[in-house]
Amino acid sequence: MPSSVTKTRIILGLILASTLGLFAGVGGYTFYYGQGFSYLSNDPKACVNCHIMREQFDGWQKGPHHAVATCNDCHTPHDLIGKYMTKAENGYYHSKGFTFQDFKEPIMIKPSNAAVLQKNCVSCHVEIVDGINTHPGDPKKMLDCVHCHRDVGHGPIH
Amino acid sequence: FQNIKARKAEATQNAFRVVEVSDKTIDPAVWGKNYPRQYDSYRRTVDIERTKFGGSEAFQHLDDDPVWRHIFAGYAFGTDYREERGHAYMLKDQRETERVTNPKFKQPGACLHCHASTLNAYIDEGLKAGAPAGKENWEAQIQKGFEVVCKMSYSEATKLVEHPVSCIDCHEADTMNLRVNRPGFLNGIRALAKSDQPTPHLPSIERWRKEGRKGEYSPNTEANRQEMRSLVCAQCHVEYYFKGEGKLVTFPWHNGLKVEQIESYYDQVGHKDWKHKESGADVLKAQHPEFELWSQGIHARSGVSCADCHMPYQREGAIKVSNHHVRSPLLNVAQACQTCHRIPEEEIRARVVSIQDRNKALLDRAEEAVVSLISALADAMKRGSTDADLKPARDLQRKAQWRLDFISAENSMGFHAPQESARILAEAIDYARQGQLLVLALKPAAVTASAP
Amino acid sequence: FQNIKARKAEATQNAFRVVEVSDKTIDPAVWGKNYPRQYDSYRRTVDIERTKFGGSEAFQHLDDDPVWRHIFAGYAFGTDYREERGHAYMLKDQRETERVTNPKFKQPGACLHCHASTLNAYIDEGLKAGAPAGKENWEAQIQKGFEVVCKMSYSEATKLVEHPVSCIDCHEADTMNLRVNRPGFLNGIRALAKSDQPTPHLPSIERWRKEGRKGEYSPNTEANRQEMRSLVCAQCHVEYYFKGEGKLVTFPWHNGLKVEQIESYYDQVGHKDWKHKESGADVLKAQHPEFELWSQGIHARSGVSCADCHMPYQREGAIKVSNHHVRSPLLNVAQACQTCHRIPEEEIRARVVSIQDRNKALLDRAEEAVVSLISALADAMKRGSTDADLKPARDLQRKAQWRLDFISAENSMGFHAPQESARILAEAIDYARQGQLLVLALKPAAVTASAP
Ligand SMILES: [Ca+2]
Ligand SMILES: [Ca+2]
């Protein structure tokens, strides 16, 4: 258990790391202009800063989780370190994609992020899925929540 | 705190065990003490409820549609063929069907492969017959016992079992993970893996092939969980035949799972189920190819397993469990379909019915064609046509009847793969009518009667 | 960062009109000034790219599969029948096809209904012919002009138009809302609404019926936006015939949209497209029943419109616009399919191909059956069978060929409704083979040749 001092150091370091992630993606100006700092917050608007995320935002607002879970609750690890690491990595892709418009549409979740997602489903719903051998993280044994609950995040896709 | 929760979720079986269960525990009631929810739903497979084309009321198909007495003329199925019902009845219904009770049919122990909890019977007989002991020889014991039991007489063999399919037939006792153990299936799926037929719906087979086809493909170690949710069913819901004198239950998947690929295997090994009593053709009997037909459908391709629809999760208070009341999903549309298809229940039913009605109309059309061919052949025989004359037309009856029966014996009335079912029935019609043309071309004038 | 800025700008920018466009503006280039994005994609319908079964390369079907010269023997389609291509070519291809250029076919102005921007031509001719002026009489003018133009000679009528389908044919100028205006369609959809056939895929029709069938069903006021995204296409991508001396373009939907319901309408009104040259049967020609087949499929039932797949939204900078490059969705799977099916492109393609390959195999089978019947009839005629003898078999050719052509002329190779297509082809095979049996039963010995 790190002392609170070292903890804040870690966090600061990670913020820097994730910032660098964005810098690596496009350089500071984008990061600033695209309101990069809000990217580190839990506010969904942080995501919707990119109109590209608009669809998911609208979907989420209609979805069953609107009242109970924000983007980060589902899409970033719930433990601090993983959270900012993921954001540093995604921040890189997102800014790069957004700036160079070189990403494929429709946007589809990457396997690494799907795994993060699954972990988050389970961690919130641990009671109800208690009986069904979820094996989060183990691709072979895992029971993919989204296989059946495709629409929980962003409403029905069709 | 999150971590504690997480670890809890990973702990595979946290329903804490009140009794010890092992691979030797056959009685489901004992397992039920540890898993009361699954056990309660498992026992409900005694329920009787009918749907438009399926359900669990064991009505007599031969009365429902007497045409089938002609089609099965000279075969056990021509005496008794009922609608199947819940798992709870599998042993009773087999013991009581005229296909077994009527001594003239002399059924072998092979029949039990899919009608009872035979795993331990196989292992015990295997050990008795000298198979090496020890967990590492698990399969050797099963295969050995399987050989022993298959060739026994049914009356002898059935004494070795007392339960319908039980927990142990689908689950590994310590982890409760799914596990397949039926020798007919293990041999069949390996033959399929060895073939070059694409299996987009069984990724683990394609992976095994890509990785150099090392040793034998083994579902229990290679298949992922979603695949296992179908493979446990494929131990029984498949086409099969009894091979040779040993009566070994064999799944004819060596050339692939499609209707014509199975046919080509039977032609290669020169198999026939019986000589048709009215037409003299060497014909085949198809049995419940649910797994094979499902394999050709869009659900399989989309990774939707048998259990997804036939054992959907059910909320039980705070937790959800797999509904072990295995039955028609139409009796349970909310759980079976609506999590994936967010549309009203009536609309889901309407879609299924429109698929099944189309399939039924084609089935009736194909029946009529096959029966017309059978009568045409019968007439020609009466008029003294030789076997040589009739061979080409009889071969067409074999092809046509095989396809018709494949979709008729399959139990979803075309739902598992609607387009594929229609394709198969279209071929059945074509071959049957071509057969009539051949007969008519033989001794024409006399047979116009049998033209439609 | 320039473009991140630009994107923020785009996000807040909406198309403002640089020029005035009205219902009288036919030239798409003018509209294009206001809507450059849609116009640019609209113009790309000149592109040529082939897919396995479709695409936009205008190859000659009669060379691709010469069997069709027999099937169309004695009809214009037997001389020239190409793969269709992009909207940009519709007028040119019609003017240049031998079915038009060959004087012996004497085509009427009716042909233009779906091959040009005819809306204003109809209105102008209608007013000239004395239809009441004024916006409130919009449809009266169209219907009147429609009658005038249909019975003109093609050479005369084609002078009245200069553009292929243009903005005005699908859009209302002031609001840019979708609007249907083709008289053949307006009359057809009303006839369908009047029938009692369920239309789960067109809720506004079922609502109109429930609310007491007041007056005439009117798509422009009753249909919702999603329905309109298909109905604008249904103005042309449908089966039709020219009714009576007036050559009125008529959609045969009075008894429903299914293949046998359309057939029953033709039988009622005693319509035939031509007398078959080789067999003497009164046969029907099917033309591009995309709307009718789509109507039987699961996509239609799920509310998926033509435009969803053939004009998917495409991101242009910040805003999404409908891609007016109307073409095969297989040339644009990401936008056309992946918005709904979040699976890899290759897998989506593989699913389509497996559906289309199955359909193609059945199509070949049905072709062979129909052609065998045609030869059988031709032989019997040579041997002097009377019309009375042959009537029953010729009626079966009519039924079989109608079904075969329905799926062959439909342009998705079965994709729009896979199970329904297979059902239709199965019936085609059955009727054709039954026809052969009838012929063979007539003068048997002599015709064994034509047995398969
Ligand atoms: Ca049943
Ligand atoms: Ca084309």
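As the structure is a computational prediction, the values presented were derived from the model and not from experiment. In what follows, chains carry the letters A, B, and so on, assigned in the order in which the sequence lines appear, proteins first and then strands, with residues in each chain numbered from 1.
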A.B. asks: In sequence, state the C-alpha distance, the side-chain angles, and the governing distance for C:Ile429 and B:Arg433, and then conclude on side-chain contact (heavy atoms from CB on, under 4.5 Å).
C.D. replies: CA-CA 9 Å; C:Ile429 293 167; B:Arg433 297 298 187 192; over 6 Å; no

A.B. asks: If I compare all heavy atoms of C:Ala350 with all of B:Arg301, which pair ends up nearest, and what's the gap?
C.D. replies: CB-NH2, 3.5 Å

A.B. asks: Between B:Ser302 and C:Arg351, does any side-chain donor sit less than 3.5 Å from a side-chain acceptor?
C.D. replies: yes

A.B. asks: Check C:Gln296 against B:Arg358 and note the closest heavy-atom contact, atom names and distance.
C.D. replies: O-NH2, 3.1 Å

A.B. asks: Which region of B:Leu425, side chain (C-beta onward) or backbone (N, CA, C, O), has a non-hydrogen atom less than 4.5 Å from a non-hydrogen atom of chain C, or is it both or neither?
C.D. replies: neither

A.B. asks: Of the non-hydrogen atoms in C:Ala426 and B:Leu362, which two are nearest, and what is the gap between them?
C.D. replies: CB-CD2, 3.6 Å

A.B. asks: CD/C:Gln436 to CG/B:Leu440 distance, rounded to the nearest 0.5 angstrom?
C.D. replies: 10.5 Å

A.B. asks: By a 4.5 Å heavy-atom criterion (distance strictly below it), what part of C:Ile355 contacts chain B: side chain, backbone, both, or neither?
C.D. replies: both

A.B. asks: Once rounded to the nearest 0.5 Å, what's the spacing between atom CG of B:Leu437 and atom CD of C:Gln434?
C.D. replies: 10.5 Å

A.B. asks: Side-chain contact, heavy-atom cut-off 4.5 Å: C:Gln419 with B:Glu420?
C.D. replies: no

